[in-house]
Visitor: 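My structure is below; once you've seen it, I'll send some questions.
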Amino acid sequence: MTRIHDLLALCLRNLEGRNALEREETLANAVIETGGIFAPTPMGGFQIELHGVRAFGRTQATAAARWSDRAQGALAAQRPA
């Protein structure tokens, strides 16, 4: 496994069982700690880029939910068959 894979898996584990606001806070903290983007977009809406996964949404909550879905997909794609 790669470091990015490990960070992605850890971040997803940290999101488990959290409500929408807690997920947003957890992702914002992960960006602060490891780098990435957690910010409004110039055209409105919100973007999250963390551990090689990028997601956009009209709100922070939507972007966080999409990031989580995409991160799970990216993690599954990295697992050996």
Side-chain angles (χ1 to χ4, degrees):
M1 298 294 158
T2 65
R3 181 174 174 359
I4 194 78
H5 179 273
D6 293 342
L7 290 172
L8 192 55
L10 177 62
C11 191
L12 285 169
R13 275 195 305 273
N14 287 337
L15 295 176
E16 290 177 7
R18 297 184 187 265
N19 65 37
L21 180 58
E22 292 169 334
R23 284 192 301 271
E24 292 168 41
E25 291 173 354
T26 299
L27 288 171
N29 287 331
V31 165
I32 291 168
E33 293 171 1
T34 63
I37 298 170
F38 189 90
T41 64
M43 302 299 287
F46 206 81
Q47 65 179 327
I48 300 171
E49 187 171 340
L50 180 63
H51 306 315
V53 176
R54 179 184 292 174
F56 297 89
R58 286 185 163 292
T59 65
Q60 287 185 62
T62 302
R66 287 181 178 162
W67 184 91
S68 180
D69 290 344
R70 290 181 179 182
Q72 289 174 10
L75 193 63
Q78 293 177 4
R79 289 189 186 116

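Every heavy atom of this structure was used, including side-chain atoms; hydrogens, water molecules and symmetry mates were not.
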Visitor: Is there a path of hydrophobic side-chain contacts, each under 4.5 Å between heavy atoms of I, L, V, M, F, W or Y residues, that connects Ile48 with Leu75?
Guide: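 As far as the 4.5 Å side-chain criterion goes, Leu75 and Ile48 are connected within one cluster.
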Visitor: Quick one: CG on Leu8 to CZ on Arg70, what's the gap to the nearest 0.5 Å?
Guide: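 Between Leu8 CG and Arg70 CZ, I get 13.5 Å after rounding to 0.5 Å.
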Visitor: If you look at every heavy atom in Cys11 and Leu27, which pair is closest and at what distance?
Guide: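 Looking at all heavy atoms of both residues, the closest pair is SG-CD2, 3.9 Å.
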Visitor: Would you give the length of the straight line joining atom CD of Gln72 to atom CG of Leu12, rounded to the nearest 0.5 angstrom?
Guide: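 Going from CD on Gln72 over to CG on Leu12, the span is 5.5 Å.
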Visitor: What's the spacing between Glu16 CD and Thr26 OG1 if we round to 0.5 Å?
Guide: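 Rounded to the nearest 0.5 Å, the CD-OG1 separation comes to 11.5 Å.
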Visitor: Using a 3.5 Å distance criterion without hydrogens, assess whether the side chain of Arg18 forms a donor-acceptor pair with backbone atoms of Arg23.
Guide: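 No, the answer is negative, given that no donor and acceptor are paired below the 3.5 Å cut-off.
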Visitor: Taking the side chain as everything from C-beta on, heavy atoms only, tell me whether Asn19 gets closer than 4.5 Å to Glu22.
Guide: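 They are in side-chain contact.
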Visitor: Glu24 and Ala64: which non-hydrogen atoms are nearest, and at how many Å?
Guide: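 Minimum heavy-atom separation between Glu24 and Ala64: CG-CB, 4.1 Å.
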Visitor: For Val31 and Phe38, which heavy atoms make the closest approach, and how far apart are they?
Guide: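 Minimum heavy-atom separation between Val31 and Phe38: CG2-CB, 4.0 Å.
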Visitor: Are side-chain heavy atoms of Val53 and Trp67 found at a separation under 4.5 Å?
Guide: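 The answer is yes; the side chains approach within 4.5 Å.
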Visitor: Rounded to the nearest 0.5 Å, how far apart are CG of Leu50 and CD1 of Ile32?
Guide: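 Reported to 0.5 Å precision, the distance equals 11.0 Å.
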Visitor: Could you state the interatomic distance from CZ (Arg66) to CD (Gln47), rounded to the nearest 0.5 Å?
Guide: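 So the CZ of Arg66 and the CD of Gln47 are separated by 13.5 Å.
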